[in-house]
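Read through the structure below, which is laid out as structure tokens, and then see the notes.
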Amino acid sequence: MSLRRYDLILLDIMLPGQDGLSLCGELRKITFCPIIFISCLNDDETAIRALNMGGDDYLIKPFQDSVLLVCIEANLRRYPLPPQ
């Protein structure tokens with residue numbers, strides 16, 4: 001995995017080849033930025049696992065663009081961006 005700097009990551013749970021939960025665990029080892037899960041899975045157990053793996057927020061599809069934008073803004077406020 002590349003060590004690029006990201007401001008925020010939108011991560012789906014259902015990915016080809018690897019699920020977003022395990023990818024989140026790998027990302028947490030190399031990056032410190034908000035991770036917002038987006039998923040069609042609408043069950044408490046999955047949301048809890050996603051947040052426990054290092055996710056900062058969990059949105060269930062479908063959602064309004066305005067909801068995603070507010071979640072992004074709120075998470076960026078909590079994570080001050082380091083100098084480049």
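No hydrogens, no waters, no symmetry mates; every other heavy atom, side chains included, goes into these values.
By the side-chain hydrogen bond (donor to acceptor under 3.5 Å, both in side chains) test, N75 is found to be paired with D57, R78, residues two or more places apart in sequence or in another chain being considered. Scanning for side-chain contact (heavy atoms from CB on, under 4.5 Å) contacts around L68 gives L10, L59, F63, I72, with sequence neighbours left out. D19 is linked by a side-chain contact (heavy atoms from CB on, under 4.5 Å) to L21, S22, counting only residues two or more places apart in sequence or in another chain. In this structure D43 satisfies the side-chain contact (heavy atoms from CB on, under 4.5 Å) test together with L41, E45, T46, sequence neighbours excluded.
With rounding to the nearest 0.5 angstrom, the SG atom of C40 is 10.0 Å from the CD1 atom of I60. Atom SG in C33 sits 7.5 Å away from atom OH in Y79 (nearest 0.5 Å). To the nearest 0.5 Å, atom CZ of residue F32 and atom CG of residue L27 are 14.0 Å apart. Rounding to the nearest 0.5 Å gives a distance of 10.5 Å between CG of L11 and OH of Y58.
When the side chains of ILVMFWY residues are joined at heavy-atom separations under 4.5 Å, either directly or via intervening members, M53 and I48 end up in two distinct hydrophobic clusters. V67 and L76 fall within the same hydrophobic cluster, where Ile, Leu, Val, Met, Phe, Trp and Tyr residues are linked whenever their side-chain heavy atoms come under 4.5 Å apart, directly or through other members. Cluster membership for I9 and M14, using ILVMFWY side-chain heavy atoms within less than 4.5 angstrom, is shared. Linking Ile, Leu, Val, Met, Phe, Trp and Tyr whenever their side-chain heavy atoms come within less than 4.5 Å puts Y6 and L15 in one cluster.
Among residue pairs with one or both ends in residues 59-74, those qualifying as side-chain hydrogen bond (donor to acceptor under 3.5 Å, both in side chains) are D12-K61; sequence neighbours excluded.
In terms of heavy atoms, C24 sits closest to G55 at SG-N, 3.7 Å.
For R77 and D56, the salt-bridge test fails: no basic side-chain N is under 4.0 Å from an acidic carboxylate O.
Residues R28 and I30 form no side-chain contact, since every pair of their non-hydrogen atoms from C-beta on lies 4.5 Å or further apart.
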